[in-house]
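Note that the coordinates shown come from a computational prediction; the quantities given were computed from them, not determined experimentally. What you see below is based on every heavy atom in this structure, not just the backbone, and it leaves out hydrogens, waters and symmetry mates. Quick note on labels: first sequence line is chain A, next is B, and so on, each numbered from 1.
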2 protein chains.
Amino acid sequence: MINLEKLQKISKSTSSKIVMLIFDGLGGLPHPDTGKTALETARTPYLDKLAEDSICGLSHPIGPGITPGSGPAHLALFGYNPMKYTIGRGILEALGINYDLKKTDVACRANFCTVDANGLVTDRRAGRIATEESSKLCENLSKIKVNGVKLSVVPVAEHRFVLVFHGGGLSSDLSDTDPQYEGLKPLKAKALSKEADSMAVLVNDFIEKAKGILANCHPANMLILRGFSQIPVIPHFTDIYKLKAAAIASYPMYLGLAKCVGMKAISCNSVKEEFNALTRVYNDYDFFFVHVKKTDTHGEDGNFKAKVEEIEKADSFVPKLTKLGPNVIVVTGDHSTPALLKGHSWHPTPLLIYSQYCRKDNVRLFRETDCASGALGNLPAVNIMPLAMANALKLNKYGA
Amino acid sequence: MINLEKLQKISKSTSSKIVMLIFDGLGGLPHPDTGKTALETARTPYLDKLAEDSICGLSHPIGPGITPGSGPAHLALFGYNPMKYTIGRGILEALGINYDLKKTDVACRANFCTVDANGLVTDRRAGRIATEESSKLCENLSKIKVNGVKLSVVPVAEHRFVLVFHGGGLSSDLSDTDPQYEGLKPLKAKALSKEADSMAVLVNDFIEKAKGILANCHPANMLILRGFSQIPVIPHFTDIYKLKAAAIASYPMYLGLAKCVGMKAISCNSVKEEFNALTRVYNDYDFFFVHVKKTDTHGEDGNFKAKVEEIEKADSFVPKLTKLGPNVIVVTGDHSTPALLKGHSWHPTPLLIYSQYCRKDNVRLFRETDCASGALGNLPAVNIMPLAMANALKLNKYGA
């Protein structure tokens, strides 16, 4: 695998266009009754036609056996080694609500939660209280003063919010306060390095004050924090690939992630809107990341049927994409989300790369089983961008 | 992947013999009329028979999507990580004309070019002046004296020549003077490290003097330099693999590259001569690198038909090789050179490894499509040498 520094040296700007269509959590496991995955059950004539003209395979974001979170999975899709480049949960969450983070900010993901009389967490999500309700609580928490450091408490949805500390010289090298399991007490934030000592004091001071404010707000009578982080220094798409890139998605987190690597975020409310947006901005960019979210959501919910339907719906929009005539089309998932497991999984996910120069293989159906015999084999996802760039004739030769 | 130090510890000398037959630029893309690549179009009964008795796959020299130059591609075939071991352009060029480089020499690739009245490059190749003409200019430049350092100005072909600085303590850590694009001035050579300061002065002094000599030699009224380099320190075949290796090729650059890793260079004038040479020296070595060049040349020229014919011609000589009864036969390309792209490409190239112990797969035809389903899968080319060594029973167990 070539590293980004070397890739940057051989990449060039051309007029060719690349579309990367990502079905979140695309891969699955066979339904016990039929022996077919959701993708194998869905009727996907357009994706199948595309697969027929493409080179196919299975892609895995991190490594065999490793189930990725959305952050590393997408970084890999964008060509960043997810072991080297990491984006903290706090930053992801803040990006997800379009919060305008400064480089010096420290953000963490926060949950309102329920604790019992002994201070033990009984519900990590505070009964998923309404967003309206949690917004009011966030407003109250915003008034907390801790040692002269400015902070923002920003609602996300339901029990979720983002806590941001502003100012220079703050460290994010802190442990989570989220105990991860119910029946345990929220933890104290601990400094993981000397430099974070004062920050730990500051965070624990905030928590104590918040506890007081929330005391009578059952079920949201406490909070837990995780993923203290700062905006990572990640080389941008424009620099590495010389691409003018647009991210078209309905979920803020994916847009935020894409912004981190220098893409323009285009927010939509549905898959249909996403494909319309693609057509609308097609002349303005040369790389398009189009994100279909609900395949993952339905997988997480264990709703096999809804996942099948979502795949079929997205497939019906594929002709809108192919009609634009991009030079390269990549279709894959960021990871698998089998309804059977109700969560992300380690299984590699079907992948197709279409271009005039792809040297297509014998795969005729865009399905797990068929793609397993594709000519791309089992491909680490970080290689997808170099392949897309190569197929778009945007890479010079390496070495003489 | 095992590294060379570890490989060296487990390799052993035996009487078994390995032949590595390399078709330069072997892989291709389908012809638009037939849907078949050059290799798939060619009648290759002998290679197909060999594939039937072999384990097959596709190999890629650098990584998915990366189009290699000949240098890194061959280093990978010889088992050297092409990201770690690099051979500078100047050295490759000098090796290519069989120039007898000393370890202390610094060489660079040079072009005669055309500059206008303002000193801007209008043609980076000086109208591709005749070799005869450029040879005379090289002779004139040879007379330049720079601070007591001896230098050689050696013509290659047309506008291309090699500039070699002789003597101890010279550094090659210099930037190119080639601005890469026309409409720009040739750059000054810059020291990229402290040690190269005096060398930069020396090179820029040479350029100033050359400029004077060339002033009235339009279109070759200036020169540009790139790829300052020295013979790399690369562990030798004899040491790593305990192999007595012979390189049989018709093009100087490949022989030069092979010499760099410690092979004996055997120069030939045709593929036929190469196979005769293989028979002739067969008792004297235990590793043979046989290089077929023109498959690449015809690909570069976009001549699909000539590439097909060259493959068929080389195939007809394969029985001469198999008759010798080597324990291991490797056949592959260094990279693909599709006639459709008229240049090297990133597509992996068919690979077969034959031996009594190879555990053959179901591949029956030595073709891109068939090899894609071979048991070796998509194999990084650096793994070919360890596999060849293993099949020749020349590797001990790793670890107890």
Side-chain angles (χ1 to χ4, degrees), chain A residues 1-12 18 52-53 55-59 64 76 79 81 240-241 328 330 351 353 355-363 370-400, chain B residues 27-30 32 35 37 40 57-58 60-76 82-83 85-93 96 109 180 226-227 229 253 257 335-336 338 340-341 343-349 368-374 376-380:
Chain A
M1 196 188 81
I2 196 165
N3 64 32
L4 292 183
E5 292 73 32
K6 291 205 166 98
L7 204 52
Q8 178 161 348
K9 282 195 185 145
I10 59 170
S11 68
K12 60 182 167 189
I18 302 170
E52 198 175 327
D53 295 333
I55 185 166
C56 298
L58 292 172
S59 83
N81 178 348
I240 306 167
Y241 304 115
V328 179
V330 175
L351 163 68
I353 298 179
S355 93
Q356 187 183 345
Y357 309 113
C358 69
R359 201 165 76 189
K360 63 183 186 175
D361 53 25
N362 292 323
V363 176
D370 300 78
C371 286
S373 63
L376 288 173
N378 251 297
L379 191 80
V382 282
N383 293 307
I384 294 173
M385 273 305 297
L387 278 167
M389 290 286 290
N391 274 279
L393 305 183
K394 286 179 190 289
L395 291 182
N396 291 317
K397 200 157 63 171
Y398 175 79
Chain B
L29 283 172
T37 68
E40 287 165 3
L58 293 172
H60 55 85
I62 314 281
I66 308 306
T67 297
S70 301
H74 274 80
L75 281 182
M83 296 298 180
Y85 298 99
T86 52
I87 300 185
R89 183 72 210 205
I91 296 300
L92 273 183
E93 206 73 27
R109 154 74 188 268
Q180 288 291 338
R226 60 189 161 113
S229 41
M253 204 204 71
L257 202 56
H335 52 73
S336 290
L340 189 68
L341 290 173
H344 294 192
S345 81
W346 64 91
H347 304 88
T349 185
E368 288 88 343
T369 316
D370 301 77
C371 285
S373 63
L376 289 174
N378 253 298
L379 192 79

message = Any carboxylate oxygen within less than 4.0 angstrom of a Lys/Arg side-chain nitrogen, looking at A:Glu5 and A:Lys9?
response =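 Between A:Lys9 and A:Glu5 there is no salt bridge, as every charged N stays at least 4.0 Å from the carboxylate O atoms.
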Can you tell me how far apart [atom1] ([X]) and [atom2] ([Y]) are? Round to the nearest 0.5 Å.
X        : Y        : atom1 : atom2 : answer
A:Ser11  : A:Met385 : OG    : CE    : 9.5 Å
A:Tyr398 : B:His344 : OH    : NE2   : 15.0 Å
A:Asp53  : A:Ser355 : CG    : OG    : 11.0 Å

Is [X] in contact with chain A via its backbone, its side chain, both, or neither, using a 4.5 Å heavy-atom distance?
X        : value
B:Pro61  : neither
B:His347 : both
B:Ser336 : side chain
B:Ile87  : neither
B:Glu368 : side chain

query = Should we count CD of A:Gln356 as having more than 12 external heavy atoms under 6.0 Å?
reply =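 Not buried by this count: 12 neighbours or fewer within 6.0 Å.
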ask   = Taking A:Gly374, A:Gly399, A:Gly57, A:Gly377 one by one, which has the highest count of heavy-atom pairs under 4.5 Å against chain B?
value =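 Option with the greatest count: A:Gly399.
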message = Using a 4.5 angstrom heavy-atom cutoff, name the option from A:Leu395, A:Asn391, A:Leu7, A:Ile384 with the most pairs to chain B.
response =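 With the most close heavy-atom pairs to chain B, the winner is A:Asn391.
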inquiry  = Please classify the contact of A:Ile353 with chain B as side chain, backbone, both or neither, using a heavy-atom distance under 4.5 Å.
reply    =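 Nothing of A:Ile353, per the 4.5 Å heavy-atom cut-off to chain B.
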Part of A:Lys6 within contact of chain B (heavy atom distance under 4.5 Å) =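 Contact with chain B: side chain only.
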key: Heavy-atom pair count under 4.5 Å with chain A, highest-scoring of B:Thr37, B:Thr86, B:Leu92, B:Ile66   =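 Winner by heavy-atom pair count: B:Ile66.
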message = For the interface with chain A, which of B:Pro348, B:Gly71, B:Gly227, B:Pro82 has the highest count of heavy-atom pairs at distances below 4.5 Å?
response =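 Winner by heavy-atom pair count: B:Pro348.
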key: Criterion side chain to side chain contact (heavy atoms under 4.5 Å, CB included) on A:Leu379 and B:Asn378, from CA distance to verdict   = CA-CA 9 Å; A:Leu379 191 80; B:Asn378 253 298; over 6 Å; no
request  = For side chain to side chain contact (heavy atoms under 4.5 Å, CB included), just list the numbers for B:Met253 and B:Ser70, CA-CA rounded to whole Å, side-chain angles, deciding distance to a tenth of an Å, and then say yes or no.
outcome  = CA-CA 9 Å; B:Met253 204 204 71; B:Ser70 301; 3.5 Å; yes
Closest non-hydrogen atom pair, A:Tyr241 against A:Gly79 =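 Minimum heavy-atom separation between A:Tyr241 and A:Gly79: OH-CA, 3.4 Å.
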